[in-house]
Amino acid sequence: AQSVAQPEDQVNVAEGNPLTVKCTYSVSGNPYLFWYVQYPNRGLQFLLKYITGDNLVKGSYGFEAEFNKSQTSFHLKKPSALVSDSALYFCAVREYSGAGSYQLTFGKGTKLSVIP
Amino acid sequence: DSGVTQTPKHLITATGQRVTLRCSPRSGDLSVYWYQQSLDQGLQFLIQYYNGEERAKGNILERFSAQQFPDLHSELNLSSLELGDSALYFCASSPTGAGSTGELFFGEGSRLTVL
């Protein structure tokens, strides 16, 4: 089975500083990796994905993620954090369900707090 | 707005009762997924339907069942409810099939509180 791990339950960063939210993966074959964000009392919103190609993937709201095959990591990054980035972030990996279907397996989530 | 609609947004009920959660996928999406989010278990995949047929099962209890109707909306039925079933239940949809890269589009969730 495919899996992802988010080693940090919480990350605190000062507004304006760069932020990193970590994710490592364990998959067989080539991974399809995703980042989602969940704001309080809201559903999950898709941020970005890695399928193949460039190791640096750009997504919504100024976020980007770096795929590192040797370290089996897919860390989420942003050059300058905003208070409005405070939310719960989930890393996910695509798993084959059979008959041409897929589902996503999510990490436990990392709570990002950006301090003014 | 993801285009996925879930009702009800909030539901409070008692132990032993049965509830039904409803989901309308994005227009054109054939796959519907149900996830449960709780504080201790995180985001758990429950079940997936594709064009009316069950495709995959995750950590879904036998007291829970789901179906997808010909108009592609889906319902998640939770019965003999226990306190531990209190959680946020998400529905997600995706187009699936050839060319799909797998991202899911989530609804706002249905918050179930069992008292």
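Protein chains get the first letters and strands the later ones, always in sequence-line order, with residue 1 at the start of each.
Cluster membership check: A:V13 shares its hydrophobic cluster with A:L47, using side-chain heavy-atom separations under 4.5 Å among Ile, Leu, Val, Met, Phe, Trp and Tyr. A continuous path of Ile, Leu, Val, Met, Phe, Trp and Tyr side chains, each step under 4.5 Å between heavy atoms, connects A:Y39 with A:V11, placing both in one hydrophobic cluster. Put simply, A:L33 and A:L48 are part of the same group of oily side chains (I, L, V, M, F, W, Y) that touch within less than 4.5 Å, one to the next. Clustering ILVMFWY residues whenever any of their side-chain heavy atoms sit less than 4.5 angstrom apart, transitively, puts B:L11 in a cluster other than the one holding B:V4. B:L21 and B:Y33 are not part of a single hydrophobic cluster, where members link through side-chain heavy atoms under 4.5 Å apart.
Heavy-atom distances place the side chain of B:Q37, and not its backbone, under 4.5 Å from chain A. Looking at A:I51, only its side chain comes within 4.5 Å of chain B, counting heavy atoms on both sides. Residue A:L88 touches chain B through its side chain alone, counting heavy-atom pairs closer than 4.5 Å.
Within 6.0 Å of the CD atom in A:Q10, the count of heavy atoms belonging to other residues, nucleotides or ligands exceeds 12. Under a cut-off of 6.0 angstrom, the local environment of CZ in B:R63 is crowded, with over 12 non-hydrogen atoms contributed by other residues, nucleotides or ligands. Surrounding CG of B:L83 are more than 12 heavy atoms belonging to other residues, nucleotides or ligands, all under 6.0 Å away. Atom CD of B:E54 sits in a crowded spot, with more than 12 heavy atoms from other residues, nucleotides or ligands closer than 6.0 Å.
Ring centroids of A:F106 and B:F45 are separated by 6.0 Å or more, keeping the two rings apart.
Smallest separation of non-hydrogen atoms from A:Q103 and B:Y35: OE1-OH, 3.9 Å. For the residue pair A:N41 and B:R111, the shortest heavy atom distance occurs at OD1-NH2, 4.1 Å.
Side-chain atoms of A:Y36 come within 3.5 Å of backbone atoms of B:L104 as a donor-acceptor pair (strictly under, hydrogens ignored).
Residues of residues 61-84 of chain A having a heavy atom under 4.5 Å from any heavy atom of chain B: none.
With a 4.5 Å cut-off on side-chain heavy atoms, A:L104 and B:L43 do not count as touching. Residues A:Q45 and B:F106 fail the side-chain proximity criterion, which asks for heavy atoms closer than 4.5 Å.
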